[in-house]
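Notes to accompany the following structure.
Everything numeric in this text was worked out from a predicted model, so none of it was measured.
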Amino acid sequence: MLDIQTIREKTDLVKQGIQNKNVQIDFEAILKLDQARRDVIAEVEVLKHDRNVVSKDVATRKRNKEDASDLINKTREIGQRIKVLDDKQREVEAQLHELLLQVPNLPHATTPVGMEASENPVVKEWGTRYQPDFKLLTHLELGDSLGLFDFPRGTKIAGPGFPLYTGHGAKLERALINFMLDFHVDKHAYTEVLPPVVSNAKSMSTTGQLPKFEDDMYKIPQDELYLIPTAEVPVTNIHQGEIIPEENLPIRYCAYSACFRREAGSYGKDTRGFLRLHQFNKVELVKFTHPDNSYDELEKLRRDAEDILEALGLEYRVIELVTGDLSFAAAKCYDLELWAPGEARWLEVSSCSNFEDFQARRGAIRYKPGAGGKVQLLHTLNGSGVATPRLLVALLETYQQADGSVLLPDVLGPYMGSAGLHLK
RNA sequence: GGAGACGUGGCCGAGUGGCUUAAGGCGGCGGCUUGCUAAGCCGUUGUACGUUUUGGCGUACCGUAGGUUCGAAUCCUACCGUCUCCGCCA
């Protein structure tokens, strides 16, 4: 959510930012409601002040056993007018709030202006292309022959897009999750959390999934819960409504969770194998930072995610999202993409975003300056560190051998245990 | 799932319709004292919104949302949460 005061005082700047994000917003309606709200507050507060003054007189007279019926009649009338104005204020504020929840975050000044994903600049490339002289197999062919997963049976159990991992495939999936969690905890000083995989409407609203993207999520109407599309939701809401002492910042969490996405409207795209799923596993990084250094923290966050890919020896590139490709809540975002040799294409495995105070305002997440002074909104950031399905794809395809086996990188040794690194 | 108890500031805790501008204590902050030492004394204390001549002024907030009343922390209703006991359960 944007600050209504910013919208009021820097209207042109806000309009330009939203336009760069390629979103249509009726700011005139917002400003009109804002004015109406302030008018009604000014009016009702005068009345409430009057009522408080007269009520005190009533109390004094009653104590002195004097008659107060004239004053009581007077305040009765004031009270009725207050009730009408209170209702009006409630209504206007509800309308205004509803509109404000629809407004996306503004892009940061350093985010390149552009309308389409094809304009996203590549800002970094790492690693060397895996080009052996035998014919490369896809992860599906490898998984099939090695018995790592069973898509037909996953479909039988739940439906397409719900993967069933089997044997060493299940072991490898678990190994990757544990490897990434340990890496971020031990090398990057994140605190591990294991959150609920459902969240309520309030939490979904904090991070920006609601109200706009309700149809993208799995709902449990009986209990008014949603399956989380990312651990960002429960983890960011850990500090919802809290005031954090400045000296505790930055707070860094990493969390494994299963993620659930309906992927409505994307049928037909990437339906094969692991490229797009309704349920997948992800290790997520979430930071709560001081507003002054959130952009430094974004660079570090991205670096933390890159470290995982480098430790696994996988070729990747980093792209920076242009304003029009930025997600609803983000002010700036990097995507990390892995090269999948069998698929012969780049696969997005991580998005690292700074939301500035957008989520913090929706969730009332604030910090108290150490030197005293006003409580202020902090900045939230998050990034995948990273999502497993496409990581698994790139890993299997990059480490495949001429005989159809897969020789995994040494860093996974402690995690594969008796299954070993050579899948054959 | 059933029965009961409870929800007040950073924390403890008083308050059952107006003397509350939420007592008192703890903690925090500032100052004084440095001859009573494991201290004492004085002052201060949250959040949001509106307004502002930037000094302030005003309004709201006692789990949440409504309601009754001239007036609600206090009375009523619903919901949420916590605790205890019973049932069920990995």
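- Below 30°, between 30° and 60°, or above 60°: for A/His188 and A/Tyr190 the angle between ring planes is above 60°, a perpendicular geometry.
- At a threshold of 4.0 angstrom between heavy atoms, the contacts of A/Leu71 with the nucleic acid are absent.
- One interatomic measurement links the two molecules: NZ of A/Lys74 to C1' of B/U69, which rounds to 18 Å at whole-angstrom precision.
- Contact between the side-chain N/O atoms of A/Lys62 and the OP1/OP2 oxygens of B/C70 is not found at any separation under 4.0 Å.
- The same atom, C1', is picked in B/C6 and in B/A73; the two are 15 Å apart, to the nearest Å.
- Near RNA chain B, meaning a heavy atom under 4.0 Å from it, residues 76-103 of chain A has A/Arg76, A/Lys83, A/Arg90 in order of number.
- In this structure, A/Arg302 pairs ionically with A/Glu306, as a charged nitrogen and a carboxylate oxygen lie closer than 4.0 Å.
- Here the separation of B/C86 from B/A78, taken at their C1' atoms, is 26 Å to the nearest Å.
- Residue A/Glu247 places its CD atom among more than 12 non-hydrogen atoms of other residues, nucleotides or ligands, all under 6.0 Å distant.
- Atom CD of A/Gln359 sits about 8.5 Å away from atom CG of A/Asn105, to the nearest 0.5 Å.
- If you look at A/Phe288 and A/His239, their ring centroids are closer than 6.0 Å.
- In this structure, A/Ile243 places its CD1 atom 15 Å from C1' of B/G28, rounding to the nearest Å.
- Under the Watson-Crick or G-U wobble criterion, with both distances below 3.5 Å, B/A73 is left unpaired in every strand shown.
- Under the Watson-Crick or G-U wobble criterion, with both distances below 3.5 Å, B/U34 has no partner in any strand shown.
- Between A/Phe358 and A/Phe328, the ring-plane angle classifies as perpendicular under the 30° and 60° cut-offs.
- Remark: the separation of the P atoms in B/A39 and B/C29 is 15 Å, to the nearest Å.
- Mapping A/Asp34 and A/Ile72 onto RNA chain B by nearest heavy atom places A/Asp34 closer to the 5' end of the strand.
- Atom CD of A/Gln35 sits about 11.5 Å away from atom CG of A/Leu96, to the nearest 0.5 Å.
- Contact annotation: A/Arg366 reaches the phosphate of B/A48 (side-chain N/O to OP1 or OP2, under 4.0 Å).
- Distance A/Arg361 CZ to B/U47 P: 17 Å, rounded to the nearest Å.
- For B/A60, the paired base is B/U47 (Watson-Crick or G-U wobble, both distances below 3.5 Å).
- Of the candidates B/U47, B/C49, B/C70, the closest approach to any side-chain atom of A/Thr75 belongs to B/C70.
- Nucleotide B/G4 forms a pair with B/C83, judged by Watson-Crick or G-U wobble geometry with both contacts under 3.5 Å.
- Taking atom C1' on both nucleotides, B/G35 is separated from B/G30 by 25 Å, rounded to a whole Å.
- At least one donor-acceptor pair closer than 3.5 Å links the side chain of A/Arg362 to the backbone N or O of A/Ser205.
- Spacing of P atoms, B/G31 relative to B/A23, comes out at 25 Å, to the nearest Å.
- The separation of B/U44 from B/U51, taken at their P atoms, amounts to 30 Å, rounded to a whole angstrom.
- Between the CZ atom of A/Arg37 and the C1' atom of B/A60 there is a distance of 12 Å, rounded to whole Å.
- Atom P of nucleotide B/C79 and atom CD of A/Glu224 are separated by 13 Å, given to the nearest angstrom.
- Checking A/Gln5 against A/Lys56, the closest nucleotide of RNA chain B that is more toward the 5' end is the one next to A/Lys56.
- Comparing B/U59 with B/U52, their C1' atoms are spaced 15 Å from each other, to the whole Å.
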Run the numbers on A/Lys83 and A/Asp86 for salt bridge (Lys or Arg N to Asp or Glu O under 4.0 Å), then give the verdict.
CA-CA 5 Å; A/Lys83 185 172 287 184; A/Asp86 271 348; over 6 Å; no

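- B/A48 atom P lies 13 Å from atom CE of A/Met1, rounded to whole Å.
- The aromatic ring centroids of A/Phe274 and A/Phe149 lie less than 6.0 Å from each other.
- One atom, CD1 of A/Ile41, and another, P of B/C49, lie 10 Å apart when rounded to the nearest Å.
- In this structure B/A23 sits in no base pair that meets the Watson-Crick or G-U test at under 3.5 Å.
- Looking at residues 42-53 of chain A, you'll see A/Glu45, A/Lys48, A/His49, A/Arg51, A/Asn52 sit with a heavy atom under 4.0 Å from some atom of RNA chain B.
- Atom CG in A/Asp3 sits about 12 Å away from atom P in B/A48, given to the nearest Å.
- Side chain of A/Arg37 to main chain of A/Val92: no donor-acceptor pair is present (N/O by atom type, distance under 3.5 Å, no hydrogens or angles).
- Classification of A/Asp34 and A/Arg8 as a salt-bridged pair holds, one side-chain N sitting under 4.0 Å from a carboxylate O.
- Against the 90° criterion about 0, the sugar-base torsion of B/G25 places it in the anti range.
- Nucleotide B/G17 forms a pair with no other nucleotide shown, judged by Watson-Crick or G-U wobble geometry with both contacts under 3.5 Å.
- Distances from the side chain of A/Arg38 to the nucleotides B/U51, B/G18, B/U47 place B/U51 closest.
- Look at the C1' atom in both B/C19 and B/G25: the space between them is 23 Å, to the nearest Å.
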